[in-house]
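Scroll down for the structure; my scribbles are underneath it.
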2 protein chains.
Amino acid sequence: MAETRWLDDREMRAWNGFLAASALVNRRLDQQLKDDSGLSHPQYEILVRLAAAPDHELRMTELANGLINSKSGLTYQVTQMEKAGLVRRRSCPSDVRGVFAVLTEAGLARLEAAAPGHVTTVREILVDVLTPEQLDALAAGLGEVSRRLREQGA
Amino acid sequence: MAETRWLDDREMRAWNGFLAASALVNRRLDQQLKDDSGLSHPQYEILVRLAAAPDHELRMTELANGLINSKSGLTYQVTQMEKAGLVRRRSCPSDVRGVFAVLTEAGLARLEAAAPGHVTTVREILVDVLTPEQLDALAAGLGEVSRRLREQGA
DNA sequence: GGGTGTCGGTTCGAATTTGAACAACTCCCC
DNA sequence: GGGGAGTTGTTCAAATTCGAACCGACACCC
């Protein structure tokens, strides 16, 4: 096949920065959430997406597609959160197979309690560290990256 | 306490883009590596770092600090890779407690076989998707983010 | 020398994640 | 109606992850 096009210096720095930041940010976030609110990062994401959804409910599949988990991983997390009373399952009337995950009062309360600390951390470790130009470059560049991966992966 | 400074639109887009890209890129990478070379992403990272080190060996602690794993996670991975013959342990002469992980011939060969496919994927999903300006913004911005997390975490 | 504190790595158990296999169901086209 | 074919969500076993506890050295200080 064609010669491999190795990464030059600039590309290498960007790639390494991305990889390192990705790992470190995720770790830090997980820790802050767990310490302050007893939620894992995946669980927090689920709460956010449910809270943003109409009627505070989403189909399992939609929730899984968001990202993060495989289907089975989602099943597991929702089960955990159901035990904790943050979420409730409701079967879909029009399709017997379908299952909605519904945010409970307690779930919403838990999210609202966790959000301020979470946002503060996000600013601290990433948003407030970047210049406005860098923020825009991230939004545009990584947005495009995600878009491609999403449709390609489908 | 002070009011929470929520994220505005621009900040939100950057943050979401980062989170999504982080998750999707990692997933994709892991999959490509596993399919093409039977290596997990953590294992690949370990090989890369050992190959770059003088004498192809590093102390366990240094390897763990790089990033990625907790100490125990590293122990696990090195054990796996040792079974697979990619790496070998050598105890440190000057400090009985210390352990070096040493890259083997087979390990190096495995890395060299995996590298081209890996780099190609990295280009495909990230590097070649970004403009040169975005690459520089990523390198600078996320580099700074990582640096802070590293020293702060220490 | 004899504490005392810290370091480097491993071990342990518990939690989480994944992919593959599965069962139940919907859809579509004949 | 009657098959496939594709979906949906769960279950299962296996792999991986983490943190806390641990053990054996080092280091230092008196």
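Each chain gets a letter, A, B and so on, in the order the sequences are listed, and its residues count up from 1.
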- [ ] Can you sort out the partners of B:R90 under side-chain hydrogen bond (donor to acceptor under 3.5 Å, both in side chains), two or more places apart, ordered by chain and number?
- [x] B:E57
- [ ] Determine the minimum heavy-atom distance between A:A101 and A:M60, stating which atoms define it.
- [x] CB-SD, 4.3 Å
Task: Nearest-Å distance for atom pair CG/P, residues B:N26 and D:dT17 - done: 12 Å
Task: Residue pairs fulfilling ring-ring contact (aromatic ring centres under 6.0 Å, His included) with at least one residue in residues 84-106 of chain A, sequence neighbours excluded - done: none
Open item on the list: In whole Å, I'd like the distance from the CD1 atom of A:I46 to the C1' atom of C:dT16.
Closed with: 12 Å
Task: Residues in side-chain hydrogen bond (donor to acceptor under 3.5 Å, both in side chains) contact with B:E82, at least two apart in sequence or another chain - done: B:R89
Within the sub-3.5 Å range, which N or O atoms of nucleotides 19-22 of chain C have a protein N or O partner, and how far apart are they?
from, atom 1, to, atom 2, distance (Å)
C:dG19, N7, A:S72, OG, 3.2
C:dG19, O6, A:S72, OG, 3.0

Open item on the list: Please report the distance, rounded to the nearest Å, between CG in A:L63 and P in D:dT7.
Closed with: 19 Å
Open item on the list: How many whole angstroms separate atom NZ of A:K34 from atom P of C:dA15?
Closed with: 11 Å
Do any side-chain atoms of residues 46-55 of chain A form donor-acceptor pairs under 3.5 angstrom with protein atoms, and if so which ones, sequence neighbours left out?
from, atom 1, to, atom 2, distance (Å)
A:R49, NH1, A:L63, O, 3.0

Task: 5′-ward residue of the pair B:L74/B:D95 relative to DNA chain D - done: B:L74
Task: Separation of C:dG9 C1' from B:N65 CG (nearest whole Å) - done: 13 Å
- [ ] Figure out the CG/C1' separation between A:D30 and C:dT17, and round it to whole Å.
- [x] 13 Å
Open item on the list: So, OP1 or OP2 of C:dT17: does either fall under 4.0 Å of a side-chain N or O from A:Y76?
Closed with: no
- [ ] Could you list all the ring-ring contact (aromatic ring centres under 6.0 Å, His included) pairs where at least one residue sits in residues 7-26 of chain B, not counting sequence neighbours?
- [x] none
Task: Toward the 5' end of DNA chain C, by each residue's nearest nucleotide, A:Q77 or A:V96 - done: A:Q77
- [ ] Identify, with sequence neighbours excluded, every residue that meets side-chain hydrogen bond (donor to acceptor under 3.5 Å, both in side chains) alongside A:E144.
- [x] A:R147, A:R148
Task: Rounded distance in Å - CG (A:L33) to P (C:dT16) - done: 14 Å
Task: Heavy-atom pair with the smallest gap, counting every atom of A:R5 and B:V119 - done: O-CG1, 3.5 Å
Open item on the list: Enumerate the ring-ring contact (aromatic ring centres under 6.0 Å, His included) contacts for residues 123-149 of chain B, please, sequence neighbours excluded, ordered by first and then second residue.
Closed with: none
- [ ] Output the single nucleotide from C:dG9, D:dT11, C:dT16 whose closest atom is nearest the side chain of B:R59.
- [x] C:dG9
TODO: Using ring-ring contact (aromatic ring centres under 6.0 Å, His included) as the criterion, list what pairs up with A:Y44, not counting sequence neighbours.
DONE: A:H118
Task: Interatomic distance where CG belongs to B:L39 and P belongs to D:dA15 [whole Å] - done: 16 Å
Task: Close residues, residues 78-91 of chain B, relative to DNA chain C [heavy-atom separation under 4.0 Å] - done: B:R89
Open item on the list: A:D136: which residues meet the side-chain hydrogen bond (donor to acceptor under 3.5 Å, both in side chains) condition with it, sequence neighbours left out?
Closed with: B:R10
Task: Shortest non-hydrogen separation from A:L39 to A:A114 and the atoms involved - done: CD1-CB, 4.2 Å
If you restrict it to nitrogen or oxygen atoms, what contacts under 3.5 Å exist between nucleotides 2-7 of chain C and the protein, and what is each distance?
from, atom 1, to, atom 2, distance (Å)
C:dC7, O2, B:R97, NH1, 2.6

